[in-house]
Amino acid sequence: MAAAAAVSTASSAAITNKSHLSSSLDKPFSSPSQKLLSLAAKTLPKPYHHHHRTLITAASKNPLTDVVSSKPNPDGRSFDSYFDDDDKPREECGVVGIYGDSEASRLCYLALHALQHRGQEGAGIVCVNDNVLKSITGVGLVSDVFSESKLDQLPGDLAIGHVRYSTAGSSMLKNVQPFVASYRFGSVGVAHNGNLVNYKQLRGELEENGSIFNTSSDTEVVLHLIAISKARPFLLRIVEACEKIEGAYSMVFATEDKLVAVRDPYGFRPLVMGRRSNGAVVFASETCALDLIEATYEREVLPGEVVVVDKEGVQSICLMPHPEPKSCIFEHIYFALPNSVVFGRSVYESRRAFGEILATEAPVECDVVIAVPDSGVVAALGYAAKAGVPFQQGLIRSHYVGRTFIEPSQKIRDFGVKLKLSPVRAVLEGKRVVVVDDSIVRGTTSSKIVRLLKEAGAKEVHMRIASPPIIASCYYGVDTPSSEELISNRMSVEEIREYIGSDSLAFLPIESLNKLLGSDSKSFCYACFSGNYPVEPTGKVKRIGDFMDDGLSGDMDSIDGGWLPGSSKVQKKTILNEVRTS
């Protein structure tokens with residue numbers, strides 16, 4: 001596909017208001033670890049100035065502009081209203097797998113807690129004991145779903161877990177993973193991080209052949225493909241299933257005696273492997289989960305790799321010939337925690353370097369550097385250090401904000417943002433302020449932050465964004481709105497600056513990002529910045545940001561128009577009629 005937008009840089013004065021895997025066997029696992037102390041009792045411990053600046057303009061539109069319709073949510077709220085006060089892309093899932101520890105479910109619980117930032121809408125754990133898979137799932141935070149008594153119901157030395165972020169519709173319990181299914185060869189549980197771009201096509205084929213689906217999640221397709229496979233042993237059924245699916249997937253499977261980890265050939269989403277001192281093997285989306293449960297990081301699960309753990313040890317095979325990796329760059333920009341190592345790189349060091357680049361290429365006279373917490377903090381530290389300007393906490397984030405609030409009858413302007421962010425007048429009053437954020441999506445939150453800072457007395461507000469402009473939607477497991485709603489796909493940098501009301505605005509130049517990544521730059525996916533998709537979505541793609549919940553659900557009338565260009569109108573009409581008459 002041709003590039004969706006021409007991204008160029010120009011040296012200018014600041015914009016202002018003035019105008020391939022080997023097989024290996026490990027030794028059998030040692031005895032189980034000592035029992036953890038009570039859940040509530042304790043947790044496991046761990047230990048400038050420059051003469052020019054670079055401007056970026058995103059001119060043309062992303063080609064996938066008609067993927068979705070923009071109709072109101074059934075509850076009456078517009079889609080935009082769900083994002084006005086939390087205008088960020090969101091990682092949809094985090095996964096954990098543990099083998100060889102008698103406290104597997106408790107360790108899984110703690111690891112999911114460390115991955116809570118990757119999904120807050122639902123959580124679940126499947127544990128294997130005496131060849132039986134037992135599952136507990138629920139809607140809400142990990143701490144809300146699990147209690148001491150519930151974890152007592154999950155004995156065994158093999159467990160997988162999942163945290164989930166659902167899109168703007170209902171967070172249905174039936175869609176909370178891990179999923180467990182029984183079929184002719186036994187039972188299997190799966191937890192998946194990512195998104196299958198050919199989900200609709202595969203589901204249609206399976207349903208035509210008699211498969212019955214219980215959820216609207218693309219992950220269920222994988223279970224059906226495993227169930228209908230005639231390959232033996234189980235490992236080959238996974239391989240056969242993965243040969244049919246396309247898109248992003250980092251998955252962990254649990255059977256009666258095995259833990260299996262799989263990563264897609266492009267390696268879109270992260271998956272790491274570690275080991276506890278007792279020999280228990282752990283898989284997780286991020287290394288921060290390993291740290292909490294005192295597991296030592298060993299390596300990534302490589303793109304296209306299947307890792308099998310059982311009583312014989314650890315075996316690794318190549319899933320299929322894989323192309324050049326295309327790991328999600330947004331893990332380093334926003335999703336992952338700063339203390340994680342993702343794709344072999346420190347997230348903290350990456351974000352600090354992003355800030356340093358901004359200070360070098362887009363300097364501005366200022367008195368103080370602040371961050372939009374929490375994701376902008378490390379980049380702001382880098383900016384301040386490079387610019388020789390003090391970093392201070394100009395915005396304080398509330399970590400106790402729930403989902404709903406009773407607003408007073410007399411409307412409070414920017415109510416949602418004010419609940420989450422409070423300006424510190426002593427830091428801001430009369431000052432020229434540089435505020436660093438990780439990204440701008442719709443621009444709604446940025447405009448409110450600028451207004452908040454100026455109302456608190458800031459003399460000037462200069463916005464610096466530690467990522468290139470986002471002009472395209474993601475189809476690989478990230479919650480982003482449609483391309484039409486992305487402000488950088490519709491406006492130039494100057495137009496965005498005017499819209500948000502800042503005195504200047506600069507984004508991280510894509511060329512500088514590539515230079516920083518060096519020889520690894522070609523191993524990352526930049527689809528959200530360019531519109532060039534490593535794996536093309538086909539047919540009906542999950543509309544991320546609307547009321548559909550991880551797949552095709554809801555009233556078909558309200559999602560007509562959510563077909564990719566080239567989809568057969570006859571096909572659409574036929575499916576719509578089938579749904580209406582079923």
Side-chain angles (χ1 to χ4, degrees), residues 21-32 95-105 107-108 111 124-135 154-162 177-193 219 222-243 245 249-264 271-276 278-285 295 298-299 301-302 304-320:
L21 302 172
S22 61
S23 296
S24 63
L25 287 173
D26 291 342
K27 294 180 180 180
F29 297 106
S30 59
S31 60
V95 300
V96 177
I98 300 174
Y99 183 97
D101 198 299
S102 61
E103 296 285 334
S105 64
L107 293 173
C108 195
I125 295 175
V126 170
C127 206
V128 183
N129 186 46
D130 293 332
N131 295 328
V132 176
L133 277 66
K134 175 69 179 296
S135 170
L154 296 172
D157 64 357
L158 194 172
I160 60 173
H162 189 269
Q177 299 181 36
F179 294 153
V180 177
S182 297
Y183 66 117
R184 54 182 173 165
F185 296 122
S187 297
V188 58
V190 60
H192 170 211
N193 174 210
T219 309
V222 181
L223 290 176
H224 281 275
L225 292 174
I226 290 172
I228 67 174
S229 172
K230 295 176 172 60
R232 299 288 297 267
F234 176 74
L235 173 60
L236 296 182
R237 289 196 289 275
I238 290 180
V239 172
E240 190 172 279
C242 290
E243 287 174 342
I245 61 178
Y249 52 90
S250 287
M251 297 184 286
V252 287
F253 295 87
T255 69
E256 291 91 342
D257 61 350
K258 289 178 175 61
L259 172 64
V260 182
V262 187
R263 195 167 168 215
D264 70 80
L271 190 61
V272 297
M273 175 180 169
R275 198 181 301 261
R276 283 172 51 79
N278 65 344
V281 174
V282 181
F283 298 102
S285 292
E298 291 192 351
R299 65 177 182 87
V301 175
L302 300 177
E305 184 181 13
V306 182
V307 183
V308 183
V309 188
D310 57 20
K311 63 182 180 180
E312 301 299 325
V314 180
Q315 297 182 9
S316 166
I317 69 165
C318 183
L319 174 65
M320 63 186 77

- Query: Is it true that Arg299 and Glu305 have a side-chain N and a carboxylate O under 4.0 angstrom from each other?
  - Reply: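 A salt bridge links Arg299 with Glu305.
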
Return the [atom1] to [atom2] distance between [X] and [Y], rounded to the nearest 0.5 Å.
{"X": "Leu158", "Y": "Lys258", "atom1": "CG", "atom2": "NZ", "answer": "10.5 Å"}
{"X": "Ile228", "Y": "Arg184", "atom1": "CD1", "atom2": "CZ", "answer": "9.5 Å"}
{"X": "Tyr99", "Y": "Arg276", "atom1": "OH", "atom2": "CZ", "answer": "16.0 Å"}
{"X": "Cys242", "Y": "Tyr249", "atom1": "SG", "atom2": "OH", "answer": "4.0 Å"}
{"X": "Glu243", "Y": "Leu225", "atom1": "CD", "atom2": "CG", "answer": "11.0 Å"}
{"X": "Leu223", "Y": "Phe253", "atom1": "CG", "atom2": "CZ", "answer": "7.0 Å"}

Is there a side-chain contact between [X] and [Y] in this structure, where contact means two heavy atoms from C-beta onward sitting under 4.5 Å apart?
{"X": "Val314", "Y": "Arg275", "answer": "yes"}
{"X": "Arg237", "Y": "Arg232", "answer": "yes"}
{"X": "Leu259", "Y": "Ile160", "answer": "yes"}

- Step by step, work out the side chain to side chain contact (heavy atoms under 4.5 Å, CB included) result for Val260 and Val306. CA-CA 7 Å; Val260 182; Val306 182; 3.6 Å; yes

- Could you walk me through whether Asp310 and Asp257 pass the side chain to side chain contact (heavy atoms under 4.5 Å, CB included) check? CA-CA 6 Å; Asp310 57 20; Asp257 61 350; 5.5 Å; no

Closest contact, heavy atoms only, [X] versus [Y]:
{"X": "Glu256", "Y": "Gly186", "value": "OE2-CA, 3.3 Å"}
{"X": "Leu133", "Y": "Ala254", "value": "CD2-O, 3.5 Å"}
{"X": "Val262", "Y": "Ile238", "value": "CG2-CG2, 3.8 Å"}
{"X": "Ala159", "Y": "Cys127", "value": "CB-SG, 4.0 Å"}
{"X": "Val282", "Y": "Ala295", "value": "CG2-CB, 4.1 Å"}
{"X": "Met251", "Y": "Leu271", "value": "O-CD2, 4.1 Å"}

Looking at [Y], is its backbone amide N or carbonyl O close enough to the side chain of [X] to form a donor-acceptor pair, meaning the two atoms are under 3.5 Å apart?
{"X": "Asp130", "Y": "Val132", "answer": "no"}
{"X": "Gln177", "Y": "His192", "answer": "yes"}
{"X": "Ser285", "Y": "Val95", "answer": "yes"}

